[in-house]
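Just so it is clear, the structure is predicted and the values come from calculations on it, not from any experiment. Residue numbers begin at 1 in each chain, while the letters A, B, ... track the order of the sequences.
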Number of protein chains: 2
Amino acid sequence: MNIGQAAAATGVTAKRIRYYEQIGLIEPAGRTDAGYRHFGERDLHTLRFIQSARRLGFSMPKISNLLALWRDQNRSSADVKRLAKEHIAELELKIAELQSMVDTLRHLSHKCSGDARPDCPIIASFEGEPS
Amino acid sequence: MNIGQAAAATGVTAKRIRYYEQIGLIEPAGRTDAGYRHFGERDLHTLRFIQSARRLGFSMPKISNLLALWRDQNRSSADVKRLAKEHIAELELKIAELQSMVDTLRHLSHKCSGDARPDCPIIASFEGEPS
DNA sequence: GCTTGACCTTCCCATATTGGGAAGGTTTAG
DNA sequence: CTAAACCTTCCCAATATGGGAAGGTCAAGC
């Protein structure tokens, strides 16, 4: 199976597969005599694993950790759970930051008449002291 | 006032001030005979404006729009409010994505025993069909 | 007046994670 | 055999910023 077929089978684009190989996230794929990469079931499995983790917002280094645990038959589920909890904490921190922005903007927006006049508390707040 | 003092006065690093000038977000600063940039109150005001908008998560192109409205005495507050609302919508979309990740991870994490055994629903879910 | 340290300048490189595309080789179907 | 559809590597792009090098300038102390 060549890279295009592997991409179609896993949802990971060919570009990304090459990139993952380049940064060492995955093992270099085997090559045909002509230099084409070829992928087996095991490779597809790994790519699907990466795709799943990526959808949950894990960064490349974290995915690398998860892959290592995945391959480690002697892992403890506690290790996996810890990584997951750390990631949850980071996501929630980010959410809180974004929510704080939304709250501020909603508040300002609520006070803005939104008509043809130029006066606007949103713009005005940007002029004020850096809070 | 030179760039270091302007940075201290506004919270925008010297590096960022130069970058903002380079991409055309702000007007090129005046120069001394020796080539040093110098900044006046008006410049500081602009930098503080940018800093405020940045803290609310606006991207550079959006800040550019906001600056244009700020300088436009004939703006309508409706225009500002529209930009704000669009930005709120984007932030909330991002929040929803992150929250969805958190929910999934919490669910998986809840089912993970987190002990010394290797079995882990989190890892297992990454192996499954790409949902 | 000179030295020294703290500034300033521009230029290049790096980040993380892709996507786009060019130039050129390979495979496959007709 | 040809044409299309692949594949390869390499370079450039994006965001918004930081780091650092090489070199010029300014201000303070001696």
Expected list for residues 11-25 of chain A near DNA chain D, using heavy atoms below 4.0 Å, is A:Lys15, A:Arg18
Exercise. Give me the ring orientation class for A:Phe58 and B:Phe126: parallel if the planes are under 30° apart, tilted from 30 to 60°, perpendicular past 60°.
Key: perpendicular
note: B:Ile3, atom CD1; D:dT17, atom C1'; distance rounded to Å ~ 14 Å
- Query: Would you call the rings of A:His45 and A:Trp70 parallel, tilted or perpendicular if under 30° counts as parallel and over 60° as perpendicular?
  - Reply: perpendicular
Among the nucleotides C:dC8, D:dT25, D:dT17, whichever has the atom closest to the side chain of B:Asn2 is C:dC8
note: A:Arg31, atom CZ; C:dT26, atom P; distance rounded to Å ~ 14 Å
Taking OP1 and OP2 of D:dA16, is either one under 4.0 Å from a side-chain nitrogen or oxygen of B:Arg54? no
State, with a plain yes or no, whether a side-chain heavy atom of A:Met60 is found less than 4.5 Å away from one of A:Tyr20. yes
Review point. How would you label the contact of B:Ser59 with the nucleic acid (heavy atoms, under 4.0 Å): base, sugar-phosphate, or nothing?
Key: sugar-phosphate
Between A:Cys112 and A:Cys120 the two heavy atoms that sit nearest each other are SG-SG, 3.6 Å
Does A:Leu93 share a hydrophobic cluster with B:Leu98, counting links as ILVMFWY side-chain heavy atoms below 4.5 Å and allowing steps through other members? no
Closest heavy-atom pair, A:Leu47 versus A:Thr10, reported as atoms and distance to 0.1 Å, is CB-CG2, 3.8 Å
